[in-house]
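Input: a single structure, listed below in structure tokens.
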Protein chains: 2
Amino acid sequence: MPMYRLDTIDRRILAALQRDARLSNVQLAEEVNLSPSPCLRRVRQLEAAGLIRGYHAELDRGGAGLGLTVFVGIKVERHHEAEANAFREAVVALPEVVSAHLVSGESDFLLQVVVADLADYERFLTGTLLRLPGVSDIRSNFAIQTVKEYGPLPLTRPEGEGR
Amino acid sequence: MPMYRLDTIDRRILAALQRDARLSNVQLAEEVNLSPSPCLRRVRQLEAAGLIRGYHAELDRGGAGLGLTVFVGIKVERHHEAEANAFREAVVALPEVVSAHLVSGESDFLLQVVVADLADYERFLTGTLLRLPGVSDIRSNFAIQTVKEYGPLPLTRPEGEGR
DNA sequence: TATTCATTGGCATCTTATGCCAATTTTATC
DNA sequence: GATAAAATTGGCATAAGATGCCAATGAATA
């Protein structure tokens, strides 16, 4: 984890690219008050440092035929190292699983699953999730409405800089 | 919701842009087996149709000083239309809230919150979340490990196309 | 205040984006 | 199955953007 010291311009760059990753370097440079050369150099540095992990298109789930989002809490049996890894690897490989976290609280894992509809989810639940190694309990919470999604990360201001 | 009929090439374009939104149109065209002109035209159409909602940089949360992700379940009192909206709007406006859904099950809302550390979360919880209008119960689940994140949507194949 | 190190701006060149039109393919209809 | 109409594709010319290089500017240090 090579610590990277972000200055104000870096933060502006990151904020801008979170909002619109397709900004041309010229536009970005203008937005952060730099000329294109140093701006591009900073972006490349941020990428190389791993601060920017990638650029992704955000799709309309409904439009893509994926009308149902489900948050799935999963409890697994006391995991030995090996089976824990097996479970994680299985989860990562499932295309329907958009995100997965090991969490504290009621469940051990919290997955976000995206499918076309209820019928599709039933198939996925009974045919795939329930058959994963070590699963002892599954709780499905259906997304009824999306209030906010893909919100930008709240980049903190550098120490000692007021707002 | 003007239904948009996606063909195989559209799906390839969407898959490619989910993976890497910074692909040049030339590269993208090559990847989907089209020449640049029609490729760019399709991308523009997908954008105009709302299928592509935007392009975002994915940042390293830790590197950006945001070391703690929390999934927060919130119960709200029997909502009248007005207060329900008030709650939603408040949530949308919070920078720490990266996503928020109205869900079925135990909680009414499920938020994903990103902060620097536990101290930061305590401040946010007591100073902000607990003061939101109508909140009756809050359950915080801390992300201990991220197994998968920003997974691409599982684009289905056009009907009648095997894999 | 002098010196060194880091960062910026501007320039030349190469690559990409874009609008336009003829050619090809697909779809619908007779 | 043949023909006509509509949609989509490729290629080309031009405008815009990306990139590497170098001198100039600014900041940090001694």
Side-chain angles (χ1 to χ4, degrees), chain A residues 1-60 63-65 155 157-162, chain B residues 1-59 63-65 155-162:
Chain A
M1 321 294 146
M3 202 34 191
Y4 195 101
R5 192 93 191 120
L6 295 172
D7 66 14
T8 304
I9 292 185
D10 289 322
R11 283 163 203 282
R12 284 204 207 121
I13 289 175
L14 294 178
L17 290 178
Q18 279 194 99
R19 172 170 50 77
D20 181 2
R22 293 285 284 203
L23 283 172
S24 75
N25 182 57
V26 173
Q27 293 173 296
L28 180 60
E30 186 178 4
E31 181 165 338
V32 304
N33 281 310
L34 266 187
S35 64
S37 298
C39 182
L40 182 62
R41 216 170 315 139
R42 277 168 180 264
V43 172
R44 293 289 177 261
Q45 281 183 57
L46 290 166
E47 290 170 350
L51 246 143
I52 296 176
R53 299 180 56 175
Y55 302 93
H56 308 286
E58 175 195 348
L59 307 188
D60 181 291
L155 299 180
R157 286 145 287 298
E159 346 269 317
E161 230 188 86
Chain B
M1 319 303 142
M3 201 37 192
Y4 194 100
R5 192 87 191 128
L6 296 173
D7 66 14
T8 303
I9 291 185
D10 289 322
R11 284 164 202 281
R12 283 202 208 123
I13 289 176
L14 294 178
L17 290 178
Q18 279 194 100
R19 172 169 50 76
D20 182 2
R22 294 283 283 200
L23 283 173
S24 76
N25 181 57
V26 173
Q27 294 173 296
L28 179 61
E30 186 178 4
E31 181 165 338
V32 303
N33 283 311
L34 266 187
S35 65
S37 298
C39 181
L40 182 61
R41 218 170 312 139
R42 278 168 181 263
V43 172
R44 294 288 176 262
Q45 281 182 55
L46 290 166
E47 290 170 349
L51 247 142
I52 295 176
R53 300 180 55 175
Y55 303 93
H56 309 287
E58 175 196 348
L59 307 189
L155 300 180
T156 58
R157 287 144 288 297
E159 348 268 318
E161 232 189 84

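Computed from heavy atoms alone, side chains included, the values below leave out hydrogens, waters and symmetry copies. Small disclaimer: the values here were computed from a predicted structure and weren't measured.
One atom, CD1 of B:Ile9, and another, P of D:dA7, lie 17 Å apart when rounded to the nearest Å. The CG-P distance, from B:Leu40 to D:dC12, rounds to 18 Å in whole Å. Separating the CZ atom of B:Arg42 from the P atom of D:dT8 is a distance of 7 Å, rounded to the nearest angstrom. Distance, A:Asp7 CG to D:dA27 P: 13 Å, rounded to whole Å.
Dashed line: the shortest gap from a side-chain N or O of A:Arg41 to OP1 or OP2 of D:dG20 is not under 4.0 Å.
When all heavy atoms of B:Ala64 and A:Leu6 are compared, the closest pair comes out as CA-CD1, 4.5 Å. The shortest non-hydrogen separation linking B:Ile52 to A:Ala57 is CG2-CB, 4.4 Å.
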**Report entry** Full working for side-chain contact (heavy atoms from CB on, under 4.5 Å) between B:Thr156 and B:Arg11
**Finding:** CA-CA 8 Å; B:Thr156 58; B:Arg11 284 164 202 281; 3.5 Å; yes
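Of the residues near DNA chain D, A:Pro36 and B:Ser37, the one whose nearest nucleotide (by heavy atom distance) lies more toward the 5' end is B:Ser37.
Taken from CG in A:Asn25 to CD1 in A:Ile13, the straight-line distance is 8.5 Å, to the nearest 0.5 Å. The CG atom of A:Asp10 lies 10.5 Å from the CZ atom of A:Arg5; values are rounded to the nearest 0.5 Å. In this structure, B:Arg22 CZ and B:Leu28 CG are separated by 14.0 Å, a value rounded to the nearest 0.5 Å.
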Check residues 30-40 of chain A and write down every donor-acceptor pair under 3.5 Å in which the side-chain atom is one partner and the other belongs to a residue at least two apart or another chain.
from    : atom 1 : to      : atom 2 : distance (Å)
A:Glu31 : OE1    : A:Arg19 : NH2    : 2.9
A:Glu31 : OE2    : A:Arg19 : NH2    : 2.2

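A search for side chain to side chain donor-acceptor pair (under 3.5 Å) contacts involving A:Glu58 returns B:His56, not counting sequence neighbours. Qualifying side chain to side chain donor-acceptor pair (under 3.5 Å) partners for A:Arg41, counting only residues two or more places apart in sequence or in other chains: none.
Using a 4.0 Å cutoff to heavy atoms of chain B, the contacted part of DNA chain C runs 5' to 3' from C:dT16 to C:dG19.
For the helix from C:dT1-D:dA30 to C:dC30-D:dG1, the rotation axes defined at the first and last 5 base pairs enclose an angle of 50°, given to the nearest 10°.
Near-neighbour residues of DNA chain C inside residues 12-29 of chain A, defined by a heavy atom below 4.0 Å, are absent.
Residues A:Leu59 and B:Leu155 meet the side-chain proximity criterion, which asks for heavy atoms closer than 4.5 Å. Here the side chains of B:Arg42 and B:Asp7 are in contact, with some heavy-atom distance below 4.5 Å.
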